[in-house]
Amino acid sequence: MKKLVVIALALAMVAVPSCKNQNKKAEDGSAQKEISLKEQYATEDLKINVQNLIESAKQLKPAPFVSKEDGGKISLTAKEKMVKPEYLLDLNVANDLVTLSQKYRAIAMYTVDQKIAKLYDIPTDSYKSTMSKLLVDINDSALKDFSEADFTTNEGSQEAIKKLVDAEYDADRANFLWESVAASLVEQVYIMTQNIDKFLPMFDDQVASDLTYNFVCVHEGIMSMQEFYPDLEALNAAMLPLYVINAISVDQLKDQLIELKGEIEAVRFILLK
């Protein structure tokens, strides 16, 4: 969070109405003391908000088909595995990506898709090579560590997310963190809409509520960081149709996924354009 806090503090100083000018005009110590306290409160508020945002991001939880507690391994029948999913992101898409934002989003999507490929016994070597190339282009060691983390349990997933959040904020890459998180979340719900009857039984009401929390966290994260990274405005605009997801039960989540299926597919398309 090092560089980000410096930026936050600088912006806080600017945000306090005419503090410096008032200081010049103030002739008594009490006025200067009052203005100084205002500056202090403003900077402390921003530091607290940034820290709260970081802590919230660490609580993000992947969908059950991305990670599962020990003993709850997800499996498909031999018959189900015979029909391979055609909705996974084409690996050739990676060849046309130009910007870092696109590459961060793509690698997040491929990470999710790789989990689905494994469920269907689809060879994942092509996913590994494609993501390795993207990781070289991106040159982000924290993201590389995250891609190699153990996601077989919720505990492992949470630990990997915590490390990624801390590392990206410390390296002043908070914008790319939110690019990745948003893209991963979109890919997860997109996959759910492709086979709701298969994937939704993996959810209980708490997991459905967690998914809603993820959308709230992504929305707040992007909105908070837009001030520091204006490029995130485009990401926020793309995600707007999905911020209405507010399910607190499996039944509500199912209804919302069915209703938003078209919007989810459109957002997924936009994120890589």
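Note that these values count all heavy atoms, side chains included, but never hydrogens, waters or copies made by symmetry. Sequential numbering from 1 along the given sequence is applied to the chain's residues. Everything numeric in this text was worked out from a predicted model, so none of it was measured.
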Test item: Lys144 side-chain N/O and Leu135 main-chain N/O as donor-acceptor pair under 3.5 Å: no
Step through the shown structure and confirm whether more than 12 heavy atoms of other residues, nucleotides or ligands are within 6.0 Å of NZ on Lys84. yes
What verdict does the salt bridge (Lys or Arg N to Asp or Glu O under 4.0 Å) test give for Asp166 and Lys162, after you've listed the backbone C-alpha separation in whole Å, the side-chain angles of each residue and the deciding distance to 0.1 Å? CA-CA 6 Å; Asp166 283 336; Lys162 289 178 182 179; over 6 Å; no
Can you label the angle between the Tyr87 ring and the Tyr190 ring as parallel, tilted or perpendicular, going by 30° and 60°? perpendicular
Does one side chain, of Asp231 or Gln226, offer a donor that lies under 3.5 Å from an acceptor on the other? no
State, to 0.1 Å, how close Ala174 and Met225 come at their nearest heavy-atom pair, and which atoms those are. CB-SD, 3.9 Å
State whether the number of non-hydrogen atoms from other residues, nucleotides or ligands found under 6.0 Å of Phe269 atom CZ is greater than 12. no
Test Leu242 against Val218 for side-chain contact (heavy atoms from CB on, under 4.5 Å), laying out the working first. CA-CA 11 Å; Leu242 308 188; Val218 166; over 6 Å; no
salt_bridge(Lys163, Asp145) N-O dist < 4.0 Å: no
Applying a strict under-4.5 Å side-chain criterion to I, L, V, M, F, W and Y, I'd like to know whether Val250 and Ile258 cluster together. yes
Looking only at the side chains, is there a donor atom on one of Tyr243 and Asn236 sitting less than 3.5 Å from an acceptor on the other? yes
After noting the C-alpha distance and the side-chain angles of Gln194 and Phe199, does the key distance pass the side-chain contact (heavy atoms from CB on, under 4.5 Å) rule? CA-CA 9 Å; Gln194 300 306 298; Phe199 291 114; 5.8 Å; no
Between Gln206 and Asp210, a side-chain donor and acceptor under 3.5 Å: yes
Looking only at atom types and distance, does a side-chain atom of Arg105 sit under 3.5 Å from a main-chain N or O of Leu271, one as donor and one as acceptor? yes
Please work out which of the three classes, parallel, tilted or perpendicular, describes the rings of Tyr110 and Tyr127, given edges at 30° and 60°. perpendicular
Would Lys261 and Glu265 pass as an ion pair if we require N to O under 4.0 Å? no
Side-chain (Gln252) to main-chain (Ile248) donor-acceptor, under 3.5 angstrom: yes
